[in-house]
Each structure stands twice: as C-alpha cells, then as structure tokens.
Amino acid sequence: MNKNRENFKKYSNDLYFHHLLVENERIRTLICQELILDREIVSTKLKNAQQYGKNFYEKKLILDILAIDDVGDLYNIELQTYGLNEEILVRFELYNAELLRQQVKQGEDYTSAHVVRSLIISYGHILDNAPLYKCHFRMVDDEHHIVYPFNRMEITIIQLEYINQVINEMTSFNQLMYLFKNEKPYDKIEIDYRIKEAIQMHDKYISSEESYLEYLDRLDNEILLRSRDRKIKEANQKVVEEKQKAEEANQKAEKEKKKAEEANQRAEKANNEIDSILDETKESIIKYIKMQFHEDISDFISTFSKQQIRNLQKHLYDFEEFEELKNYFQKPKSLSRKVCK
C-alpha cells in the first residue's frame, strides 16, 4: 500500500471528517453538545454544507464545519493536522468575530447576536504551556476570576495527544476523539452507537475510488498552495528587505546631506570670520598709511586679494616711503591720493 493510500484511510483525513459531519447530524450534534453543557441541543443544521476553496487559486482550502443549533447558536468545527501556530489561532479569533458581526444587520439590536463557539481538534501539535486534553477559552478577568458578562465568543481546543487524561471518562464524545486518535474504537466499554456509525461511514468512504481521487486532488492542491504561499512569503520578504535597504540608503543620504550642510555652515562661518578679520586689517592698514604717509589708499587696497592684504600687513612696517609701497605692489601712481594735512 502506498503512503497516499495509507494516509487516505486514516481517520485524521480531514476530507473524511468533513464528510462525516456533513452527512451525519447525530455525530455533528454530539460534537456541538460538547461545547455547551447547560442545555441540550435538539438539532443542528449546516451553514456551509459544501466544501469550498477547493483549488489552490483560493486563499486556503477550507474544510471546517459551520453549524447552527435549534436556538440559533453557531458552531465552527475544524480538524487541525498542522501546528497550532499563531496564524491559526488568530484566524479562529477573527473568524469568530466575523461570524458574530454578520449576525447583526444595520439598525438591529446587538443583543440579538447568538453565541459563536469554535472547536479545534488538534493532532499532536500542542499548545505551549498547556499539556491538557481540553482547553476552553473565553473572556475572563484573570485577577478577579470574573467571566465577561454576555460573552458571545468561545474557543475550545481538543489536544488528542492527551486523550489518556480522560481514559476513565469515556463519554460518547471522548470515544469519538479516541477513535480519531488511535484509529480504532475504545472497546473497554460498550461502544456508543454514533461511534459505530462513524466506523461504518469510514469503511464506506475509504472503499470509494471517487473519494480517493478527491483526496489525491486535495494533496496536489495543497502542494500548489504551499508552493504559492512560500513564493508569496519569499516575495514579501524580498520587498521588506529592499524597503529596508532603501530606508537605510535614505538615512545614510540624509546623514551625508546633514554633514555637508554642517560643513558648508562651518565653511561659511569661517569665511565670514576671515572676511571680518580682513576688513579689520584693511581698516588698520588704511589708518596706518594715513597717519604715516598722509595718503588715502582706500580705493587702492579695495582691489587687493586676500593674499595681497596679508602680504601688505606682513611688510607694512618695512616701507619708509609711500612710493616703495606702491612699487612693491606694482600699482600705477595715479591710484593714490594725497591727504591734506
């Protein structure tokens, strides 16, 4: 027997699980009854009788069951063969919230919304820090142990890994879970008639070649779906990395721009200080020449470069005659002007 055929025949085949709950109201009601203990459920009907999202072009392959009981409460039931990771658990929260929201039409009283209960039956992928067969979650004040009033959403997780915790409490529901976990009924007590029905339906299901071909088609779609999700994840990761690189480049460019601006500001400040010093130097030279040689060289010195002004300052006291100064800088005599004594 090949591996695909072997897995197809297991009770953990979620296509069979979907088939079982669609076709057998008694088993469907038995599962829903496990989620509510204060009243008896008379009957349940399906809200999503068809399997939908069957091909890999859909967002996900959806096989969970959505049922409604005789008073209008909703039950979302899923057999989970993959890990109970953050994505799956958050999805259940969001799905519950959406089912709750959809019940109330615009203008209606919010209190008309019925309770939404979800059940995750998990194979071997356990919750962190919760080694328990059954975990029931609802909104509660942990500090004061007060349940949120009028709570409308509940999530229950069955971890089949811990089925032995209830080995001495083999209720009809626990017998069904034992069957799914161990691929055989619990025969230490009388087997519940609904468990016998589940076994009969399973035998008929796995003998159907049409069901097997549907299972193979499901496997192909799952492979394509995982491949698509992987490619999307890789593409998204690449986008994130490129965006991060662009942000880092922008930050680097901003830093370089800021450094350049600061350098320009420092250079401008230095130039202004130099210009101020040169202006003071020119004024000092002009005053000295007027005092020493009685000549006004304001126009004459205005044409000097910074270097010429520095040279003039350096050699100013070397000149005994004004003509020496002019000749040194090779300026026409007509540029000087005698100052009246």
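Numbering starts at 1 and runs along the sequence shown. Only this structure's heavy atoms are used, side chains among them; waters, hydrogens and symmetry mates stay out.
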**Student:** Tell me whether the count of non-hydrogen atoms from other residues, nucleotides or ligands lying under 6.0 Å of CD in E321 goes above 12.
**Tutor:** no

**Student:** Just checking Y16 against Y215, ring centres under 6.0 Å apart?
**Tutor:** no

**Student:** With side-chain contact (heavy atoms from CB on, under 4.5 Å) as the test, pick out the partner of M177 among V166, I158, N182.
**Tutor:** I158

**Student:** Kindly check if the number of other-residue, nucleotide or ligand heavy atoms within 6.0 Å of CD (E241) is above 12?
**Tutor:** yes

**Student:** Could K196 and E190 be called an ion pair, given the rule that one side-chain N must be under 4.0 Å from one carboxylate O?
**Tutor:** yes

**Student:** Answer yes or no: is there a donor N or O on one side and an acceptor on the other, between the side chain of D70 and the main chain of S43, under 3.5 Å?
**Tutor:** yes

**Student:** Before we go on, tell me: are the rings of F17 and F180 under 6.0 Å apart, centre to centre?
**Tutor:** yes

**Student:** Do Y205 and F8 have ring centroids that are under 6.0 Å from one another?
**Tutor:** yes

**Student:** Identify the two heavy atoms, one from D192 and one from Q175, that lie closest to each other, and give their separation to 0.1 Å.
**Tutor:** N-OE1, 3.1 Å

**Student:** Is a donor on one side and an acceptor on the other found under 3.5 Å between the side chain of D73 and the backbone of D69?
**Tutor:** no

**Student:** Count the heavy atoms of every other residue, nucleotide or ligand shown that sit under 6.0 Å from CD of Q307, and state whether that count exceeds 12.
**Tutor:** yes

**Student:** Using only heavy-atom distances, determine whether the side chains of T44 and T29 contain a donor-acceptor pair under 3.5 Å.
**Tutor:** yes

**Student:** Are there over 12 heavy-atom neighbours, none belonging to Y288, within less than 6.0 Å of that residue's OH?
**Tutor:** yes

**Student:** Please report the closest heavy-atom contact between A67 and R28, naming both atoms and the distance.
**Tutor:** CB-CD, 4.1 Å

**Student:** Any salt bridge linking E98 with R101? Criterion: basic side-chain nitrogen under 4.0 Å from a carboxylate oxygen.
**Tutor:** yes

**Student:** Looking at CG of L99 and OH of Y75, how far apart are the two atoms once the value is rounded to the nearest 0.5 Å?
**Tutor:** 13.0 Å

**Student:** Between N2 (side chain) and R5 (backbone), is there a donor-acceptor pair under 3.5 Å?
**Tutor:** yes

**Student:** Would you say the ring centers of Y162 and Y133 fall short of 6.0 Å from each other?
**Tutor:** no

**Student:** Is atom CZ of R138 surrounded by more than 12 heavy atoms (other residues, nucleotides or ligands) closer than 6.0 Å?
**Tutor:** no

**Student:** For the side chain of N4 and the backbone of L216, is there at least one donor-acceptor N/O pair under 3.5 Å apart?
**Tutor:** no

**Student:** Enter the distance from E262:CD to N264:CG here, rounded to the nearest 0.5 Å.
**Tutor:** 10.0 Å

**Student:** Could you measure the distance from the CZ atom of F304 to the CD1 atom of I301? Nearest 0.5 Å is fine.
**Tutor:** 6.0 Å

**Student:** Donor-acceptor pair, D109 side chain versus S112 backbone, under 3.5 Å?
**Tutor:** no

**Student:** Is it true that, when you exclude N129 itself, more than 12 heavy atoms of the residues, nucleotides or ligands shown sit nearer than 6.0 Å to its CG?
**Tutor:** no

**Student:** Please determine whether side chain to side chain contact (heavy atoms under 4.5 Å, CB included) holds for the pair L100 and M153, giving the CA-CA distance in whole Å, both sets of side-chain angles, and the decisive distance to 0.1 Å.
**Tutor:** CA-CA 8 Å; L100 191 62; M153 293 196 301; 3.9 Å; yes

**Student:** Which atoms form the tightest heavy-atom contact between R194 and I27, and what is the distance?
**Tutor:** O-CD1, 3.5 Å

**Student:** CD1/I195 to CD1/I191 distance, rounded to the nearest 0.5 angstrom?
**Tutor:** 8.5 Å

**Student:** Can you list the other members of the hydrophobic cluster that holds L132, where links are side-chain heavy atoms under 4.5 angstrom apart?
**Tutor:** none

**Student:** What pair of heavy atoms forms the shortest contact from E78 to F92, and how long is it?
**Tutor:** OE1-CE1, 3.5 Å

**Student:** Under a 4.0 Å N-O cut-off, is there an ion pair linking E295 with K287?
**Tutor:** no

**Student:** Taking everything shown except K204 itself, do over 12 heavy atoms lie less than 6.0 Å from its NZ?
**Tutor:** no

**Student:** Write down the atom of I309, the atom of L278, and the distance for their closest heavy-atom approach.
**Tutor:** CG2-CD2, 4.0 Å

**Student:** What pair of heavy atoms forms the shortest contact from L35 to E154, and how long is it?
**Tutor:** O-OE1, 4.1 Å

**Student:** Can you tell me how far the CG atom of N13 sits from the NE2 atom of H202, to the nearest 0.5 Å?
**Tutor:** 7.0 Å

**Student:** Without swapping roles, check the side chain of Q159 against the backbone of S122 for a donor-acceptor pair under 3.5 Å.
**Tutor:** no

**Student:** With a 6.0 Å cut-off (strictly less than), is the heavy-atom count around OH of Y148, excluding the residue itself, greater than 12?
**Tutor:** no

**Student:** With a 3.5 Å distance limit and no angle check, can you tell me whether Q33 reaches the backbone of I36 through a side-chain donor-acceptor pair?
**Tutor:** yes

**Student:** Could you measure the distance from the CD atom of E23 to the NE2 atom of H18? Nearest 0.5 Å is fine.
**Tutor:** 9.5 Å

**Student:** If you group Ile, Leu, Val, Met, Phe, Trp and Tyr by side-chain heavy-atom gaps below 4.5 Å, do Y193 and M170 land in one group?
**Tutor:** no

**Student:** Evaluate the side chain to side chain contact (heavy atoms under 4.5 Å, CB included) criterion for residues Y123 and L79: first the C-alpha distance (whole Å), next the side-chain angles of each, then the deciding distance (0.1 Å), finally the verdict.
**Tutor:** CA-CA 8 Å; Y123 271 91; L79 188 69; 3.5 Å; yes

**Student:** Cut-off 3.5 Å, side chains only: do E247 and Q251 have a donor facing an acceptor?
**Tutor:** no

**Student:** Would you say the side chains of N24 and E197 form a donor-acceptor pair under 3.5 Å?
**Tutor:** yes

